[in-house]
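Report on the structure given below.
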Amino acid sequence: MKPIQPDLNSPLIQDLIALREVSWFNPAAGSLAQALPHVGLDKHNVADAEARLQRFAPYLSRVFPATRATGGIIESELVAIDAMHKEMNRLSSQSLLGTLWLKKDSHLPVSGSIKARGGIYEVLTHAEKLALEAGLLNESDDYTRLDSPALRAFFAGYRIAVGSTGNLGLSIGIMSAQLGFEVTVHMSADAREWKKRKLREHGVKVVEYAQDYGVAVEQGRLAAQADPRCFFIDDENSRTLFLGYATAAQRLRRQFVEQNITVDEQHPLFVYLPCGVGGGPGGVAFGLKLAFGDHVHCFFAEPTHSPCMLLGVYSGLHDGIAVQDIGIDNRTAADGLAVGRPSGFVGRAMERMITGYYTLSDEHLFALLNTLYRSEGIALEPSALAGMAGPWITTANTQWQEHFTQRQWQNATHLVWATGGGMVPEAEMANYLARAAQAASVFW
Ligand SMILES: *Cc1c(COP(=O)(O)O)cnc(C)c1O
């Protein structure tokens, strides 16, 4: 079926084509009760995922020493970024009420990005299924037994494949290789050299493409289809990846308790998530909705050159349209977000749960990196900054402002989800920071 073109004359589509920064509040966003039936998953699925990660915790703690402090649970810090808050207020001449926090998935152990949630979870799910079916494992076992020559030899008889712009490949490659699988990562042209190098050091097979993410995924899918012992991890459609991401929410809820952060009607929570194909931000947002109901409001952030989810949801065409179909090139320094066609599963499942979407230029991603680095000393990869402008962009919308009382804004928690950068090599980070220092400092 040939995709229908959206109304190219609509002002929003015109702005997207012109690569102008836009924001859009979805009129179809509704209450949790209205939205939940459209997802096809519920709190029981997320609870299953949490239990599975708990079963694997002793194993992860054993094979990845960086997870020992948290008992094998791969989790990130939640930090207040007051200096950034002040500096952004100064630069924007807007005074954001409430408090500003950073969720540092950028520094998750094992693979240094949000993909350490979904990617690792899906590999573990597959490994568990194979081992249970073969009678080599029981759910009540101590899973450290997976770290044995016999189990590694068993997994070596199976293959895993994935297409990626870099970080998903890194997570899946490292986890799969650790278990013993033969793993192939199909990398898009955007993927950074150091990510490929790191994977090869882990014994992962890396196949490089001159084209973008969509092509890398398609080639990975085709290669896996020809091989019955090969499991293809489908970033565009996977419910398993999605559930891995969703487990972030209950843990965040515990971190909020530790920090004395209340979320209720009078204390709304606003979360700003960088979006590529949609699985990461979609899964996290789903978990957050289950955990905090109608008191949490999620926004997706994309580069002006890759606004695939905004285009898919706004046009209603979802994965039936790619940014290239309206002449956008999908070329951005935010390699983790360089996706031209959104996940149809996530777009359809989550459209009623996501309050709004906005886009940012690469120049502004770098400007935000500069401001964050100078104010807080935190260095991230460009993709991870997309959420940072969210509090100021969204509260500039008068209707959104009026949706809440002054009191609610004063009590608000703004949470920016930092999605990657913790493992970027020093020289590469120095390049990012140098470019960031050149970016326009006052941008509103
Ligand atoms: C993958 C990624 C995202 C977005 O996740 P999707 O599942 O592709 O939407 C955001 N930031 C970084 C750094 C990523 O690697």
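What you see below is based on every heavy atom in this structure, not just the backbone, and it leaves out hydrogens, waters and symmetry mates. One-based numbering, in listed order, for ligands and for the atoms of each. Every value quoted in this text rests on a predicted model; they were computed, and no experiment measured them.
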| query | Is a salt bridge present between Lys129 and Glu122, judged by a nitrogen-to-oxygen distance below 4.0 Å? | reply | no
| So is Pro274 close enough to ligand 1, meaning a heavy atom under 4.0 angstrom away? | yes
| query | So which protein heavy atom does atom 4 (C) of ligand 1 come closest to, and at what separation? | reply | Gly276 N, 3.5 Å
| query | Do Cys275 and ligand 1 have an N or O pair less than 3.5 Å apart? | reply | no
| query | Does Asp235 offer a backbone N or O that forms a donor-acceptor pair with the side chain of Ser238 under 3.5 Å? | reply | no
| query | How close does the nearest protein non-hydrogen atom get to atom 5 (O) of ligand 1, and which residue and atom is it? | reply | Pro281 CD, 3.6 Å
| Non-hydrogen side-chain atoms of Arg52 and Glu128 separated by less than 4.5 Å | yes
| Should you measure from each heavy atom of Ser383, which atoms of ligand 1 turn up under 4.0 Å away? | 11 (N), 13 (C)
| request: Take the angle between the ring planes of Phe56 and Tyr59 and call it parallel below 30°, perpendicular above 60°, tilted in between. | output: perpendicular
| task | Quick one: list whatever passes side-chain hydrogen bond (donor to acceptor under 3.5 Å, both in side chains) with Asp234, sequence neighbours left out. | result | Arg221, Asn237
| task | Pull out every atom of ligand 1 sitting under 4.0 Å from any heavy atom of Lys115, numbered as shown with elements. | result | 1 (C), 2 (C), 3 (C), 5 (O), 14 (C), 15 (O)
| Under 3.5 Å between some N or O of ligand 1 and some N or O of Val277? | yes
| request: Count the heavy atoms belonging to other residues, nucleotides or ligands that lie under 6.0 Å from CZ of Phe25, then report whether that count exceeds 12. | output: yes
| message | Can a side-chain donor-acceptor contact be found between Asp212 and Gln324 if the only test is distance below 3.5 angstrom? | response | yes
| Pick from Glu75, Lys103, Glu77: which one makes a side-chain hydrogen bond (donor to acceptor under 3.5 Å, both in side chains) with Gln255? | Lys103
| Distance from atom 12 (C) of ligand 1 to nearest protein heavy atom, with residue and atom | Thr419 OG1, 3.4 Å
| message | Please list the nearest protein heavy atom to atom 7 (O) of ligand 1 with its residue and the distance rounded to 0.1 Å. | response | Gly280 N, 2.7 Å
| Atoms of ligand 1, numbered as shown, that sit under 4.0 Å from any heavy atom of Asn167 | 13 (C), 14 (C), 15 (O)
| message | Which residue and atom name correspond to the protein heavy atom nearest atom 10 (C) of ligand 1, and how close is it? | response | Leu337 CD2, 3.3 Å
| message | Please state which option from Gly112, Gly420, Gly278, Gly422 has its nearest heavy atom closest to atom 6 (P) of ligand 1. | response | Gly278
